[in-house]
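I have placed the structure first, in the form of structure tokens, so that the comments after it can refer back to it.
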Amino acid sequence: MNDSADELRMLADSVVQFARNDDTLTRTRALHKGGAAFSRETWSTLADAGWLGILVPEDSGGLGLGLREMAVVAEELGRARIPEPVVAVAGFTASVLSACDRKAAASELLSELASGATIAAVAWQEDPTDLDPATTHCRATHEGNAIVLNGSKCLVLPAEADVFLVSSETDEGVALYSVPSDAPGLALERRQQVDGSWVADLRLDNVSVSADQMLASPGQGLPALERGLARAALLAGAELTGLAHRLLGMTNDYLATRKQFGQPLSSFQALRHRAVDLYIQHELMQASLRHAFRTLRPDSPLALEQRLAARVKARTSDAAMRIGRESVQLHGAIGFTEEADVGIHLKRIMALSAWLGNAAWQRRRHFELSRNTQQEVA
Amino acid sequence: MNDSADELRMLADSVVQFARNDDTLTRTRALHKGGAAFSRETWSTLADAGWLGILVPEDSGGLGLGLREMAVVAEELGRARIPEPVVAVAGFTASVLSACDRKAAASELLSELASGATIAAVAWQEDPTDLDPATTHCRATHEGNAIVLNGSKCLVLPAEADVFLVSSETDEGVALYSVPSDAPGLALERRQQVDGSWVADLRLDNVSVSADQMLASPGQGLPALERGLARAALLAGAELTGLAHRLLGMTNDYLATRKQFGQPLSSFQALRHRAVDLYIQHELMQASLRHAFRTLRPDSPLALEQRLAARVKARTSDAAMRIGRESVQLHGAIGFTEEADVGIHLKRIMALSAWLGNAAWQRRRHFELSRNTQQEVA
Amino acid sequence: MKDWNALPDDQFRVDIRAFLEANYPEHLRYPSRRMRWHEVKEWYLLRAEQGWTAPGWPKEYGGVGLSPTKQLIYIEELERWGVARAPDQGVIMVGHLLIKYGTDAQKKEFLPKILSWEHIWCQGYSEPNAGSDLASLRTQAVEDGDDYVVNGQKTWTTLAQDATHMFLLARTDQQAKKQAGISFLLVDLDTPGVTIRPIRNIAGHEEFCEVFLEDVRVPKRNLVGAPNEGWTMAKALLGFERLFLGSPKLAQNALGRLRTLAEARGLFSDQGFVDQFARLELDVADLGEAYESFADQVRAGQPLGADISWLKVWGTETFDRIAALAVQSAESYGALAGPQRYGDTDVDALVLYFDALPATIYGGTNEIQRNILSKQVLQLP
Amino acid sequence: MKDWNALPDDQFRVDIRAFLEANYPEHLRYPSRRMRWHEVKEWYLLRAEQGWTAPGWPKEYGGVGLSPTKQLIYIEELERWGVARAPDQGVIMVGHLLIKYGTDAQKKEFLPKILSWEHIWCQGYSEPNAGSDLASLRTQAVEDGDDYVVNGQKTWTTLAQDATHMFLLARTDQQAKKQAGISFLLVDLDTPGVTIRPIRNIAGHEEFCEVFLEDVRVPKRNLVGAPNEGWTMAKALLGFERLFLGSPKLAQNALGRLRTLAEARGLFSDQGFVDQFARLELDVADLGEAYESFADQVRAGQPLGADISWLKVWGTETFDRIAALAVQSAESYGALAGPQRYGDTDVDALVLYFDALPATIYGGTNEIQRNILSKQVLQLP
């Protein structure tokens with residue numbers, strides 16, 4: 001256990017070291033000014049550090065580590081507020097791929113993902129207000145040797161992906177196919193998110209794929225997506241926890257140094273107490289994450305992972321939004337400027353909180369999953 | 001308008017004068033110790049002052065004034081925290097009686113009510129979790145010249161009533177009958193409320209009434225009850241506003257005088273700000289009441305009265321509960337003792353907040369009533 | 001010119017409403033951010049020609065001379081129709097300041113150009129490191145011959161980039177403590193030494209500026225009132241404008257957009273949403289009633305007391321809660337920038353959220369308002 | 001006697017649980033108020049005979065000598081089974097105090113009678129007008145021959161009416177400031193000059209007392225430790241008991257009762273209720289996890305830091321929110337005193353509410369806890 005704790009600390013330290021050299025916020029502002037969400041160059045650096053391959057098996061060129069290690073990296077990357085979609089790609093996509101049954105195809109894509117050569121995104125959602133991956137109207141039909149995909153997807157993150165994992169209904173259930181972004185018949189519309197990232201709405205019009213582009217065979221796509229969604233929610237929770245922690249630090253520094261009426265702001269009890277309430281919110285985020293990783297085993301059943309993921313995502317989304325909102329208030333007018341670092345963190349929190357189900361949605365989901373479990377037990 | 005404002009002020013002053021001579025809290029504590037909810041002697045004093053007859057027409061021996069005057073008295077009686085069920089009897093029962101179609105019978109009871117000779121209570125509810133007066137399983141059937149009542153009622157306030165206005169289903173709709181508390185076949189079980197008052201659960205087992213005990217004829221009972229329920233909710237809101245105001249005064253006095261670490265408690269900003277938030281809650285209570293009386297006319301339709309009543313009861317119940325809860329906290333340990341005045345006010349607030357629909361229930365009701373109106377208009 | 005004050009109040013409202021509905025440009029209604037001068041110029045110059053720049057000024061100075069009641073009606077109708085604000089500090093502040101404290105020469109020089117919009121004014125109160133605390137004002141004005149030489153920095157200056165002039169507070173007596181020793185100066189922003197730098201806000205708009213003042217020479221004739229009396233005058237200027245910091249319009253408008261979103265998404269069949277919405281609806285309703293009650297004071301010609309602060313606290317925090325529920329109800333859309341299509345209308349939940357953020361800060365933070373209430377209204381020691 | 005410490009932790013838990021389930025009187029489970037001594041005496045005297053009065057004391061003094069881990073398990077099992085607390089200040093406080101600072105004579109005199117419950121102790125810290133502020137302690141102890149003469153008043157003394165002795169803090173050096181100059185004295189409550197007056201609380205129960213001390217003579221041999229060192233010793237006594245101020249049990253139990261009420265009333269088909277319940281369920285869950293994490297520190301033999309205060313704040317305020325929702329969900333029942341029938345069980349929503357009221361006050365108000373957190377954990381100046 002101590003060995004493992006040391007390893008996790010070393011992993012975290014390596015991200016801190018990276019962030020220290022990166023000057024992320026300046027870089028992010030410059031990128032956004034040019035309309036770019038993130039940098040491919042930095043992406044390669046992240047790959048070289050091995051972080052994109054944490055969840056990728058060693059025989060596919062990854063580190064073959066677990067969710068906990070990935071969460072430590074996500075939390076530290078959150079604290080640094082890097083703009084790269086690490087959780088979406090190395091968390092969500094990699095988890096879906098690892099759960100796919102067509103091992104050869106999945107493994108190849110995983111190894112490209114770990115090396116940073118290919119950015120792959122999961123195209124599963126079709127209606128922004130429906131988060132059930134079973135709601136799939138996109139159809140895959142056989143035409144001779146080829147499979148032809150027709151339908152649409154929305155909010156695919158990142159829009160800049162080279163390859164999309166497209167879920168499609170077949171007569172035997174949902175399957176997953178890898179579709180390159182330049183595939184004939186694929187139309188892509190980009191929409192910008194509040195944090196400067198881009199998501200894509202896809203339209204698939206007779207997109208033809210071959211059998212070896214099938215990643216999950218019919219009926220196997222849904223469990224792979226469910227697994228990936230749960231893990232992505234957990235990892236988003238870790239990133240949110242890092243973001244919130246950074247904001248707390250900034251806010252407390254501000255309160256301690258900024259003077260009003262000749263005294264530091266933090267000498268005003270009403271502000272001190274609010275700082276304490278935000279601190280408590282962050283402790284709760286940590287508690288929910290800690291609980292998840294105390295409970296999870298590599299062979300934990302999907303239902304348990306889903307319940308823990310809902311709990312973590314609910315808590316971290318809610319607490320981070322509160323910490324973000326209050327940090328702006330506690331910074332006063334300066335907190336409302338674009339140049340203040342508080343805003344750039346808040347916007348990232350807004351995007352991550354909404355991603356894959358916001359706090360209110362996740363609380364309902366957690367309640368339902370818990371009730372089901374209770375009723376099974378009883 | 002100025003004349004009217006002056007009159008209202010004089011009415012309020014007369015209640016203040018009464019309360020000053022009464023030492024209500026000592027009296028209430030002594031009553032409760034003996035298991036009594038209130039004093040018949042004080043009831044006579046209230047009748048002599050005319051307050052029990054404010055809503056009673058002049059030709060029935062009352063003052064023939066309006067809801068607004070009654071609200072002013074209710075607010076002041078709330079501020080004095082008198083234990084007598086003035087709103088229940090001179091507000092709720094009197095309003096139901098005034099809306100009854102059997103004028104002779106109703107008028108007689110109204111005049112006894114105004115004189116204080118008879119305490120009458122409305123027995124309408126049959127299930128503590130159902131606040132719809134149309135849910136009436138109590139049956140009235142003809143047997144020869146007599147009418148026979150069978151069924152049960154719950155939470156009738158006050159349990160000490162001499163006469164009950166019992167709502168009963170007939171073949172032509174709900175009717176209301178006056179039933180003396182000693183009527184053969186009437187069994188009464190008392191339950192104590194948190195504020196020391198008693199409510200009664202009634203069981204009617206072949207209770208025989210004559211035709212002149214009919215107050216509202218079949219089909220007329222429901223509108224009379226609806227009218228009374230709306231007005232009672234408004235008046236309860238006024239009493240809650242007075243109670244909350246008294247608590248605020250006590251709490252601010254305590255904060256200003258009590259010292260900790262050598263300074264008055266009110267010098268601690270976190271406590272000052274909470275005092276301000278409670279002050280705002282009380283302003284909102286006043287705003288909702290003011291709006292109701294700015295809007296209401298003697299001939300306002302029932303639907304409008306109901307909507308305004310829901311709004312007032314929702315706001316005042318919610319705000320008073322907050323003010324009560326926080327006042328205990330701001331008083332510290334002393335606030336938790338029975339001898340502290342804060343508790344006796346909080347308990348009255350708890351009883352009144354729950355009476356005829358708590359804040360959550362009234363908010364839903366207001367929403368539904370508003371939606372209906374909007375849909376009619378649209 | 002029509003004698004507007006002679007109209008009955010109800011008729012006045014009807015006429016103003018009809019005029020706005022007929023004439024105000026549709027594309028400028030309910031702007032989602034503060035408009036720049038070039039965007040609203042056409043409309044306001046047209047109104048100026050009609051003599052309607054300054055409804056509240058006395059007629060003798062070129063205003064419409066409306067009664068307080070009619071001024072409120074006027075503003076309510078502007079808010080109701082979603083009319084964009086001009087950079088109107090000249091009308092709202094400088095005009096009243098000069099009419100009350102100005103020399104005849106100052107009145108003659110400045111008032112007509114305010115009315116014609118030849119001069120656009122901005123306010124120079126806030127400074128960096130002063131926050132809500134004017135007592136720590138640092139900008140200095142030192143006498144030198146016929147001029148004051150001004151050095152310092154102002155910030156959060158609304159639309160300074162569109163202004164030609166600034167009225168500012170500067171310290172003229174370095175020895176005096178706190179609010180004493182501060183004077184009121186009128187500054188032409190073309191004077192050498194003035195630098196204006198817009199500040200982008202969190203939503204990407206440039207509503208505020210920083211204004212740097214380096215050896216800026218301001219002629220002594222541009223001093224308003226007596227030296228060292230600036231703070232007293234600034235306080236006296238706070239008239240019934242304070243009412244509008246607690247205007248229910250922002251919250252009402254936000255609630256309306258949330259309703260649209262909810263109708264389109266079918267959320268009114270979701271009891272969990274309804275419970276939250278029903279609460280907010282009452283919060284807004286009681287805000288509206290409280291506003292009316294303060295407005296009654298203004299209509300009766302009574303000064304507003306310190307208790308007006310609670311309206312600002314409640315109004316802005318209600319707005320904030322509505323915005324938070326809108327973002328929550330937008331679900332996945334809650335991350336998307338720009339308006340999103342709901343049924344047959346667009347709602348931008350994020351604009352609500354970003355608009356709500358500064359509302360609890362500007363016009364004196366809600367913390368400052370609570371300090372004021374606890375001291376001046378509750379009189380807590 | 002069984003060597004409990006030799007058992008594996010899991011087995012220890014199983015054995016304790018089995019013992020409680022088999023032996024603890026059913027009617028005393030989950031009392032809705034603090035039990036008086038005569039109500040729980042039989043059970044505790046039985047346990048005393050079995051040598052189980054003081055699980056945490058070293059064996060050499062007659063305790064069970066449990067490891068910190070096992071003590072936690074023991075307390076968790078007591079809480080799980082809803083075992084009523086005795087007036088246990090002798091065990092929890094006086095014993096540890098004397099073992100650490102007492103003279104041999106004191107140990108010999110007092111420890112055995114604590115173990116046998118011949119002496120029942122109460123704590124004399126709080127005073128009127130001191131609130132959460134021990135620095136303003138006023139009770140005086142003046143030397144007179146072989147005695148101290150004590151004058152003053154203590155309040156919020158839990159179950160003093162059942163106690164035979166009180167350990168109190170009194171000022172022995174009038175010149176010293178604040179926490180200095182305070183000493184620890186052991187007082188027999190039969191001494192002339194002691195008056196005990198129970199305080200009824202808001203729920204009508206007598207859990208606390210006022211204790212008046214008028215020229216009470218306390219022999220100097222009853223001074224614990226050095227004179228004027230009382231405050232230091234009192235602080236050192238705050239061991240891992242602080243963990244239990246943040247115990248999730250109150251909130252978990254309240255949530256369980258709310259669940260019962262909701263099942264009986266069919267509220268789980270009401271999305272508005274479910275949304276609130278689902279939030280509270282997670283609030284309690286994360287409280288439980290945080291508690292475990294602090295308990296890990298205790299199990300590892302590490303001292304608790306100031307950050308433990310957040311657990312108390314969150315735990316008690318979560319309890320408070322649950323109680324408020326219970327009262328709301330009881331609808332008309334929310335005004336009725338005593339347990340109400342829901343389906344086939346009784347729930348007393350008001351008891352939850354009244355229990356939650358003092359939780360945010362005792363053990364240092366939540367405001368004091370926030371002061372501590374902002375200073376010692378966030379280190380805000």
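In what follows, every chain begins at residue 1, and chains take the letters A, B, ... in the order their sequences are listed. We use all heavy atoms of the structure for the numbers below, so side chains are in, but hydrogens, waters and symmetry mates are not.
For the pair C/R29 and C/W81, the distance from NZ or CZ to the six-membered ring centre is under 6.0 Å and the angle to the ring normal is within 45 degrees.
For chain C, the nearby parts of B/H273 are the backbone and the side chain; heavy atoms of each come within less than 4.5 Å. Both the backbone and the side chain of C/E292 come within less than 4.5 Å of a heavy atom of chain B. With a 4.5 angstrom heavy-atom cutoff, B/E368 does not touch chain C via any of its atoms. Looking at B/Q281, only its side chain comes within 4.5 Å of chain C, counting heavy atoms on both sides. With a 4.5 Å cut-off on non-hydrogen atoms, C/Q379 does not touch chain B at all. When heavy atoms are compared at a cutoff of 4.5 Å, C/L282 approaches chain B by way of both its backbone and its side chain.
Within 6.0 Å of NZ on C/K249 lie more than 12 heavy atoms contributed by other residues, nucleotides or ligands.
Heavy-atom pairs under 4.5 Å with chain C peak, among B/H366, B/Q263, B/Q286, B/R294, at B/R294. Taking chain C as the reference chain and counting heavy-atom pairs below 4.5 Å, the highest number among B/A275, B/S266, B/A287 is found for B/S266. When the candidates C/D283, C/V313, C/D307 are compared by the number of heavy-atom contacts under 4.5 Å with chain B, C/D283 comes out ahead.
For a heavy-atom cut-off of 4.5 Å, chain C lies close to B/A314, B/R315, B/D318, B/R322 in residues 313-327 of chain B.
For B/H282, the ring pair (Phe, Tyr, Trp, His ring centres under 6.0 Å) partners are B/H245, not counting sequence neighbours.
In terms of modelled atom types and a separation under 3.5 Å, the side chain of C/K312 and the main chain of C/T365 share no donor-acceptor contact.
Salt-bridge annotation for C/E21 and C/R80: present, with a side-chain N of the basic residue lying under 4.0 Å from a carboxylate O of the acidic one. Under 4.0 Å is where a charged nitrogen must lie from a carboxylate oxygen, and between C/R321 and C/E317 no such pair does. A salt bridge does not link B/E239 with B/R246: every distance from a Lys NZ or Arg NE/NH1/NH2 to an Asp or Glu carboxylate oxygen is 4.0 Å or more. A salt bridge links B/R311 and C/D286; the closest N-O separation between the charged side-chain nitrogens and carboxylate oxygens is under 4.0 Å. The pair C/R299-C/D9 does not count as a salt bridge, with every side-chain nitrogen at least 4.0 angstrom from each carboxylate oxygen.
Side-chain atoms of C/D320 and C/T360 form no donor-acceptor pair, as typed in the model, at a separation below 3.5 Å.
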